[in-house]
Novice: 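My questions all concern the structure below.
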Number of protein chains: 2
Amino acid sequence: MLELAVLGLLHEAPLHGYELRQRLKATLGAFRAFSYGSLYPTLRRMKDAGWIAEDEGDATVVAGAPALTGRRGKVVYKLTAEGKERFTELLAEAGPSSWEDETFGVHFAFFSKTDPDVRVRILEGRRSRLEERREGARSRLARTRGRLDSYTLQLQEHGLDSVDREVRWLTELIETERKKRPDAHTEPR
Amino acid sequence: MLELAVLGLLHEAPLHGYELRQRLKATLGAFRAFSYGSLYPTLRRMKDAGWIAEDEGDATVVAGAPALTGRRGKVVYKLTAEGKERFTELLAEAGPSSWEDETFGVHFAFFSKTDPDVRVRILEGRRSRLEERREGARSRLARTRGRLDSYTLQLQEHGLDSVDREVRWLTELIETERKKRPDAHTEPR
DNA sequence: ACGCGATGTATCGCACCGATACATCTGGAA
DNA sequence: TTCCAGATGTATCGGTGCGATACATCGCGT
């Protein structure tokens, strides 16, 4: 997850950790926090995996001098060739994981770099996921309505409304996508 | 978090793990998943802490027989006296943690067992939390609007709308609470 | 000259999630 | 009547991410 987000952000420009976090908050803040506590370990993992590399900012650690207060410069990361590959690869796969709550937002954020077919498939996957959830909630609610105290009820209904809203949003998006490419449709074959 | 939820559910009736999970999904499914992977460890922790105790369902493990295929009965949990105390204690504290994303839903679910003053304080805390977030997002959006691709923009706006909706919802709830107790107000003192 | 808030890197412990394993019970199709 | 699929039920494992915290530097207003 964070991995995909980082790949996407670095795909546009090299960044150091702090900036990365700012961008993360800016684009995905509504859905996930992505604190430093996961960012830095992820950066290390990705560096070890070879997706990203340090790009020597203004560090210029003079070999002789440091030892104490070793003047640590910014650590700027950039995508490697393998990293770019990995990014396209991740963007291409539209599996069930792409439309889970946590994942969907990140995928969506990079839709402009995603294949149109994949876009539609993800949007539809997300929508039916939500519709499932909504039906479950609805029937459960109908079944237990009487026994619920008013707060629990309010909570259920607010939740249901939110899901409804997102479903409508997705439907609009899907239609827009369709209009752009009238030849693509749900069932290939 | 899960701890509070479990205390709340067991406060109404003794339950075993599976049932507990069902209820969790039913009341909080819109916000958190609460899988078994956290439920069972939590139950163990709570048992060790003394908040809950096993209530021997239909286990009736006859001392002599088992060994192989040892007929494992349901493990029904119930609140202990300390557990009840702990529950009221947790319900009473309305700190910043009560209105974070993950926590708020759980607190709200047990509002019928919460002190009216605390209810209002939590609702207001949640609201100003969201308003802060909204302002941040709004100004960031205004600042960067031109540079954003249309998908990122859509995402931002959808997020903003959602926050708006929740703020309105909270405002209504607060007003309702106020009507119920016209003497309570924001600043004590 | 001082200090405070933003910038910047990093780690630690903990909560939780998703997948998985495995066993039992129940009801309907074969 | 047998068989098997799906619901019920308990449990663990690896991994991801979060919140708090620590610490150092930099730019700026006072």
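Throughout, a chain's letter reflects where its sequence line sits, starting with A, and its residues are numbered from 1. Note that the coordinates shown come from a computational prediction; the quantities given were computed from them, not determined experimentally.
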Novice: Rounded to the nearest 0.5 Å, what separation is found between the CG atom of A/Leu7 and the CG atom of A/Leu2?
Specialist: 10.0 Å
Novice: Using whole Å, report how far CZ of A/Arg21 lies from C1' of C/dA10.
Specialist: 14 Å
Novice: Hey, are B/Arg45 and B/Thr42 close enough side-chain-wise for a donor-acceptor pair under 3.5 Å?
Specialist: yes
Novice: What closest approach, in Å, do B/Thr80 and B/Gly50 show between heavy atoms, and which atom pair accounts for it?
Specialist: OG1-O, 2.6 Å
Novice: Pick one: which of A/Lys47, A/Arg44, A/Arg86 meets salt bridge (charged side-chain N to carboxylate O under 4.0 Å, His left out) with A/Glu3?
Specialist: A/Arg86
Novice: Does D/dT10 have its OP1 or OP2 closer than 4.0 Å to a side-chain nitrogen or oxygen of B/Tyr40?
Specialist: yes
Novice: Within this structure, what is the CG-to-P distance between A/Leu28 and D/dG17, rounded to whole angstrom?
Specialist: 12 Å
Novice: Can you tell me how far C1' of C/dC25 sits from NZ of B/Lys74, to the nearest Å?
Specialist: 10 Å
Novice: Tell me the ring pair (Phe, Tyr, Trp, His ring centres under 6.0 Å) pairs involving residues 142-163 of chain A, sequence neighbours left out?
Specialist: A/Tyr151-B/Phe108, A/Tyr151-B/Phe111, A/His158-B/Trp169
Novice: Taking B/Leu148 as the starting point, is it possible to reach A/Leu10 by hopping between hydrophobic residues whose side chains are less than 4.5 Å apart?
Specialist: no
Novice: Taking A/Asp101 first and then A/Arg133, would you say they form a salt bridge - that is, a charged N and a carboxylate O separated by under 4.0 Å?
Specialist: yes
Novice: In whole Å, I'd like the distance from the CG atom of B/Leu39 to the C1' atom of D/dT8.
Specialist: 15 Å
Novice: Is it true that A/Lys113 and A/Glu12 make a salt bridge, defined as a side-chain N closer than 4.0 Å to a carboxylate O?
Specialist: yes
Novice: Between atom CD in B/Gln22 and atom C1' in D/dA7, what is the gap in whole Å?
Specialist: 9 Å
Novice: Ignoring the backbone of B/Glu102, work out which of C/dA10, C/dG8, D/dG19 is nearest its side chain.
Specialist: D/dG19
Novice: Roughly how many Å is it from CG in B/Asp101 to C1' in D/dG19, rounded to a whole number?
Specialist: 13 Å
Novice: Could you state the NZ-C1' distance from A/Lys47 to C/dA10, rounded to the nearest angstrom?
Specialist: 13 Å
Novice: Rounding to an integer number of Å, can you tell me how far B/Leu24 CG sits from C/dG18 P?
Specialist: 13 Å
Novice: Hydrophobic cluster membership, with links at side-chain heavy-atom distances under 4.5 Å among I/L/V/M/F/W/Y: are B/Leu39 and B/Met1 in one?
Specialist: yes
Novice: Identify the pairs formed between an N or O of the protein and an N or O of nucleotides 13-16 of chain C at a distance under 3.5 Å, and give each distance.
Specialist:
residue: C/dC16; atom: OP1; partner: B/Leu2; partner atom: N; Å: 3.2

Novice: Could you check which residues of residues 8-19 of chain A get a heavy atom under 4.0 Å from DNA chain C? Sort them by number, please.
Specialist: A/His16, A/Gly17, A/Tyr18
